[in-house]
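Here the structure is laid out as structure tokens; the discussion comes afterwards.
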Amino acid sequence: MPKSKPVVIVSGVAVAAALLGLVSYTATKPSSPGASGSSAVAEVSADPSAGVYPELEAYARRDASDKLAVGRADAPVVLIEYADFKCGYCGKFARDTEPVLIRKYVDNGTLRIEWRNFPIFGEESEAVARASWAAGQQGRFWQFHKAAYAEGAKEKGFGKDRLAALAKEAGVPDAARFAKDTDGPAARKAVRADQEQGYSLGATSTPSFLVNGRPIAGAQPLETFTEAIDAAAKAAAAKDRP
């Protein structure tokens with residue numbers, strides 16, 4: 001069963017709030033007129049040697065039945081991602097960085113990635129968040145995630161017909177169930193729970209991350225994540241030594 005999560009902002013969470021709230025906006029701020037918005041990385045660097053806050057590690061659910069997670073539930077490192085499908089930088093991370101992390105760390109059992117729906121761009125963000133959860137109920141979350149974050153996907157919008165098309169592309173087997181689940185109370189409750197966790201951390205923009213209690217704001221370069229994961233894995237191994 002998932003652990004209950006703290007809702008009171010304690011010292012470590014307050015620090016994360018300052019980092020995620022102040023830094024992550026720069027990673028996802030609206031492009032200036034005429035800009036393409038396709039910059040590969042955030043404009044603010046998140047130092048992977050920054051502090052780790054043990055109380056933030058409790059935000060990892062480590063639920064083996066979590067359909068919006070990939071990797072072993074007992075992996076030594078958990079990366080939690082708070083993201084919005086309408087977020088351009090989230091798409092860059094999904095296309096360019098996350099597949100590398102999966103090949104390098106998830107496949108060998110070092111890393112678990114837990115997704116948190118954090119829709120902040122209005123009704124379509126909410127709708128596609130619920131749709132991703134609905135796809136997950138049929139075991140196709142990550143396929144839906146890939147389709148929704150494909151190059152140019154967000155520019156097509158996330159209306160009802162578009163969500164159905166994405167579900168088909170993702171191989172969701174039962175279209176009627178998908179549509180019902182997307183608009184159902186369980187999807188709304190699940191998305192709301194993810195949102196509340198993100199807001200309790202002080203995240204105000206996307207993407208925001210926790211790596212074993214270390215906050216990282218924005219779609220940083222690959223090296224930021226590999227250094228943070230390597231450090232977390234080393235620390236976890238040290239804890240396990242007699």
Side-chain angles (χ1 to χ4, degrees), residues 1-5 16 20 46 48 52-85 87 89-118 129 132-150 170-172 190-191 193-194 197-198 201 203 206-240:
M1 295 293 291
K3 300 176 183 177
S4 60
K5 293 297 177 288
L20 296 176
V52 175
Y53 306 95
E55 53 266 61
L56 299 185
E57 292 191 51
Y59 280 70
R61 292 170 181 157
R62 292 188 176 275
D63 179 1
S65 66
D66 186 351
K67 300 180 187 304
L68 277 62
V70 62
R72 290 169 33 189
D74 63 348
V77 184
V78 178
L79 181 152
I80 307 173
E81 177 185 1
Y82 300 86
D84 185 316
F85 286 102
C87 161
Y89 281 112
C90 300
K92 293 295 293 183
F93 176 81
R95 292 189 299 273
D96 300 342
T97 303
E98 198 161 41
V100 179
L101 299 182
I102 290 173
R103 290 193 299 270
K104 184 176 176 68
Y105 297 107
V106 174
D107 288 351
N108 70 12
T110 299
L111 180 68
R112 174 177 175 82
I113 298 175
E114 296 187 355
W115 171 270
R116 303 286 188 269
N117 273 305
F118 196 57
S132 74
W133 181 90
Q137 302 319 292
Q138 298 188 52
R140 307 300 289 180
F141 169 77
W142 290 102
Q143 292 82 359
F144 185 94
H145 173 279
K146 182 178 180 180
Y149 274 139
V172 176
V191 171
D194 286 355
Q197 187 182 94
L201 284 165
T206 52
S208 294
F209 306 88
L210 291 176
V211 177
N212 275 21
R214 171 177 290 153
I216 296 177
Q220 301 299 328
L222 174 64
E223 292 74 15
T224 296
F225 292 96
T226 58
E227 289 174 22
I229 293 166
D230 288 342
K234 183 177 180 180
K239 284 182 183 178
D240 290 341

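Because the structure is predicted, anything quoted here is derived from the model rather than measured. Just the heavy atoms: all of them, side chains too, but no hydrogens, waters or symmetry mates, feed the values below.
With contacts defined as side-chain heavy-atom distances shorter than 4.5 Å, the pair Cys87/Phe118 does not qualify. Contact of the Ile102 side chain with the Asp107 side chain is registered, since non-hydrogen atoms from C-beta on lie closer than 4.5 Å. Side chains of Leu56 and Leu201 form a contact here, defined as non-hydrogen atoms less than 4.5 Å apart. For the pair Ser132/Asn117, a side-chain contact is recorded, criterion being any heavy-atom separation below 4.5 Å from C-beta on.
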Practice problem: Verify side-chain contact (heavy atoms from CB on, under 4.5 Å) between Leu222 and Asp96, making sure each step is shown before the conclusion. | Solution: CA-CA 8 Å; Leu222 174 64; Asp96 300 342; over 6 Å; no
Quiz prompt | Derivation and outcome, side-chain contact (heavy atoms from CB on, under 4.5 Å), residues Phe209 and Thr224 | solution = CA-CA 11 Å; Phe209 306 88; Thr224 296; over 6 Å; no
Quiz item: Are Asp66 and Arg112 close enough, and set up right, to give a side-chain contact (heavy atoms from CB on, under 4.5 Å), and what steps lead you there?
Solution: CA-CA 11 Å; Asp66 186 351; Arg112 174 177 175 82; 3.8 Å; yes
Self-check item: Intermediate values then yes/no, side-chain contact (heavy atoms from CB on, under 4.5 Å), Arg61 and Gln197
Solution: CA-CA 11 Å; Arg61 292 170 181 157; Gln197 187 182 94; 4.3 Å; yes
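What you find for Ala228 and Ile216 is that their closest heavy atoms are CB-CD1, 3.9 Å. Contact record, Tyr149 with Gly91: CD2-CA, 3.5 Å, taken as the closest heavy-atom pair. Across Ala94 and Pro99, no two heavy atoms sit closer than the pair O-CD, 3.1 Å. Residues Thr110 and Ala233 come closest through the heavy atom pair CG2-CB, 4.0 Å. Across every non-hydrogen atom of Ala135 and Val172, the tightest pair is CB-CG2, 3.9 Å. Closest non-hydrogen pair, Ala83 versus Cys90, comes out as CB-SG, 3.7 Å.
A distance of 10.5 Å separates CG of Leu68 from CZ of Phe144, quoted to the nearest 0.5 Å. Trp133 CH2 to Lys67 NZ: the interatomic distance, rounded to the nearest 0.5 Å, is 9.5 Å. Atom CZ of residue Arg62 and atom CZ of residue Arg72 lie 9.5 Å apart, to the nearest 0.5 angstrom. Taken from CG in Leu111 to CZ in Arg103, the straight-line distance is 13.5 Å, to the nearest 0.5 Å. The distance from atom CZ of Phe85 to atom NE2 of His145, rounded to the nearest 0.5 Å, is 5.5 Å. Remark: Arg214 CZ to Glu227 CD distance equals 9.5 Å, nearest 0.5 Å.
With Glu114 as reference, Val78 is the one residue of Leu79, Asp63, Val78, Val70 to meet the side chain to side chain contact (heavy atoms under 4.5 Å, CB included) rule.
Between Trp115 and Phe141, the ring-plane angle classifies as tilted under the 30° and 60° cut-offs. Ring geometry for Phe93 versus Phe225: interplanar angle of 30 to 60°, hence tilted.
In this structure, Asn212 contributes its side chain and Pro76 its backbone to a donor-acceptor pair below 3.5 Å.
Here Asp230 does not pair with Lys104 in a salt bridge; the nearest charged N to carboxylate O distance is not below 4.0 Å.
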